[in-house]
Q: 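Mind looking over this structure? Questions follow.
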Amino acid sequence: MLNADIPTLNATFGITRQITFVNGPGDLPMVSIQNSAAEATITLQGAHILSFQPHDQQPVLWVSQHALFEAGKGIRGGIPIVFPWFGPHPTDPSKPQHGFARTMVWQVLGTSAGAEGTTQVRLGLNDTDQTRELWPQAFALEYVVTVGSTLEAKLIVRNTDEAAYTWTGALHSYFTVGDVRQIAIRGLDGTMYLDKVDAMQRKTQHGELTFDSETDRIYLDTDATCDIHDPALQRRIQVAKQGSRSTVVWNPWIDKARALADFGDDEYLGMVCVETANAAADAVTLAPGAEHRLKAIITATSDVA
Ligand code: TA6
């Protein structure tokens, strides 16, 4: 069914003590999920996971204090969905950066209480006149979010068109860290990357990744799990993935943070993006009727070894 008002969404898809539909920040309709393991919220605009917090952890996802919660605007933080192009549009700079999936209103397809106390929400987005103006292809997106002690986010892209097409995208995950200057990301040693802050030069990662300046990299041809080691918060966030050949790592550092209206000047210290992506040379081509599954599996543990 097409999205209705909050009472109708609750009557149709609510689950007692697990799933409630509410007006979230900026009055954007939002799914609020609670179960024995964790809490999470997802706005219907953008199918945007805003928060995920296991009961024994600090918030796993980061959202800026300056984030905009407005119809048609991207939200700075959480997990924006990037589709059908990653970064600027390849030929038309007037089109929105990172595509349109993050700013469209998604439909609720279903909710369920799963095994082992998990809770699942399924959201969908199909092409419309509005999307076809930006990108002429026909598609059906389904986003399956499973909340338990681990957060699983699976984006299924189905080509419902009559011809093959190619897309890029990402689950553009923003993570909370204690102090980005102290963290280390492990899992990318030996991986080639495009360095966006150095004219897209191709470079190779040596050892773990640490941060002392603006960092914006597309690691290519990697299906590795990444671990964010965070001594300040004394925890490790593991980002495992499926159907993803790229991992994007981003921290805007000082100057870029200041230049972004929806990003506090000092907030770069408390976040890092580790994105489950298919970008640049890892673009996905789908035959008519074919589908692709892009999945992030996110687990926080109190462990800094
Ligand atoms: O994924 C990294 C990136 O593409 C950066 O280049 C940076 O600009 C960031 O995404 C945020 O993009 P946004 O359009 O949300 O401001």
Side-chain angles (χ1 to χ4, degrees), residues 26 28 43 45-50 61-90 92-104 134-135 153 155 167-177 180 185 188 191 193-203 205 209 211 213-220 222 226 228 239 241 244-265 267-283 294 296 298:
L28 296 179
T43 57
Q45 175 171 297
H48 195 126
I49 304 176
L50 266 190
L61 301 178
W62 175 91
V63 177
S64 170
Q65 298 291 324
H66 300 261
L68 300 173
F69 295 95
E70 290 175 21
K73 294 259 167 74
I75 300 168
R76 179 71 62 202
I79 310 185
I81 296 178
V82 173
F83 176 88
W85 59 85
F86 182 87
H89 186 275
D92 183 350
S94 72
K95 291 188 174 169
Q97 152 125 319
H98 288 325
F100 48 74
R102 63 176 173 168
T103 53
M104 299 277 162
L134 293 164
W135 196 61
L155 178 69
W167 58 276
T168 50
L171 305 177
H172 193 306
S173 319
Y174 289 76
F175 294 105
T176 303
V177 297
V180 74
I185 297 179
L188 295 168
T191 305
Y193 63 91
L194 302 176
D195 191 348
K196 276 209 206 176
V197 298
D198 191 8
M200 290 298 241
Q201 284 204 59
R202 293 169 88 86
K203 301 180 180 174
Q205 179 68 37
L209 172 57
F211 296 81
S213 60
E214 182 183 352
T215 303
D216 194 350
R217 301 177 179 183
I218 303 174
Y219 287 85
L220 292 168
T222 173
C226 282
I228 306 168
V239 187
K241 59 182 196 160
S244 160
R245 298 300 303 168
S246 320
T247 296
V248 177
V249 179
W250 182 54
N251 182 286
W253 216 252
I254 299 165
D255 292 343
K256 183 136 194 204
R258 287 197 178 136
L260 291 168
D262 58 351
F263 205 114
D265 289 358
E267 286 186 316
Y268 72 96
L269 290 168
M271 57 72 66
V272 69
C273 286
V274 177
E275 307 168 33
T276 296
N278 286 305
D282 293 325
L294 174 68
I298 295 164

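Both counts, for ligands and for their atoms, begin at 1 and track the order of listing. Note that the coordinates shown come from a computational prediction; the quantities given were computed from them, not determined experimentally. One-based numbering along the sequence shown.
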Q: Check the pair Tyr193, Trp250 against ring pair (Phe, Tyr, Trp, His ring centres under 6.0 Å), reporting the backbone distance first and the verdict last.
A: CA-CA 12 Å; Tyr193 63 91; Trp250 182 54; over 10 Å; no

Q: Under 6.0 Å between ring centres: does that hold for Trp167 and Phe100?
A: no

Q: Is there a donor-acceptor pair closer than 3.5 Å between any side-chain N or O of Asp216 and the backbone N or O of Pro252?
A: no

Q: Within the protein, flag every N or O under 3.5 Å from an N or O of ligand 1, and note the pair and distance.
A:
unit_1, atom_1, unit_2, atom_2, d
ligand 1, 1 (O), His172, NE2, 3.0
ligand 1, 1 (O), Glu275, OE1, 3.1
ligand 1, 1 (O), Glu275, OE2, 2.8
ligand 1, 4 (O), His98, NE2, 3.1
ligand 1, 4 (O), Lys196, NZ, 3.0
ligand 1, 6 (O), Lys196, NZ, 3.1
ligand 1, 6 (O), Asp216, OD2, 2.5
ligand 1, 8 (O), Lys256, NZ, 3.3
ligand 1, 10 (O), His98, NE2, 3.1
ligand 1, 10 (O), His172, NE2, 3.0
ligand 1, 12 (O), Gln97, NE2, 3.2
ligand 1, 14 (O), Gln97, NE2, 3.0
ligand 1, 14 (O), Arg102, NH2, 2.9
ligand 1, 15 (O), Arg76, NH1, 3.1
ligand 1, 15 (O), Arg102, NH1, 2.8
ligand 1, 16 (O), Arg76, NH1, 3.2
ligand 1, 16 (O), Arg76, NH2, 2.9

Q: Please list, chain by chain and in numerical order, all residues satisfying ring-ring contact (aromatic ring centres under 6.0 Å, His included) with His172, sequence neighbours excluded.
A: His98, Tyr174

Q: For Phe83 and Trp135, take the angle between the two ring planes, folded into 0 to 90°, and tell me which bin it lands in: parallel under 30, tilted 30 to 60, perpendicular over 60.
A: perpendicular

Q: Would you call Asp262 and Lys73 a salt bridge, using N to O less than 4.0 angstrom?
A: no

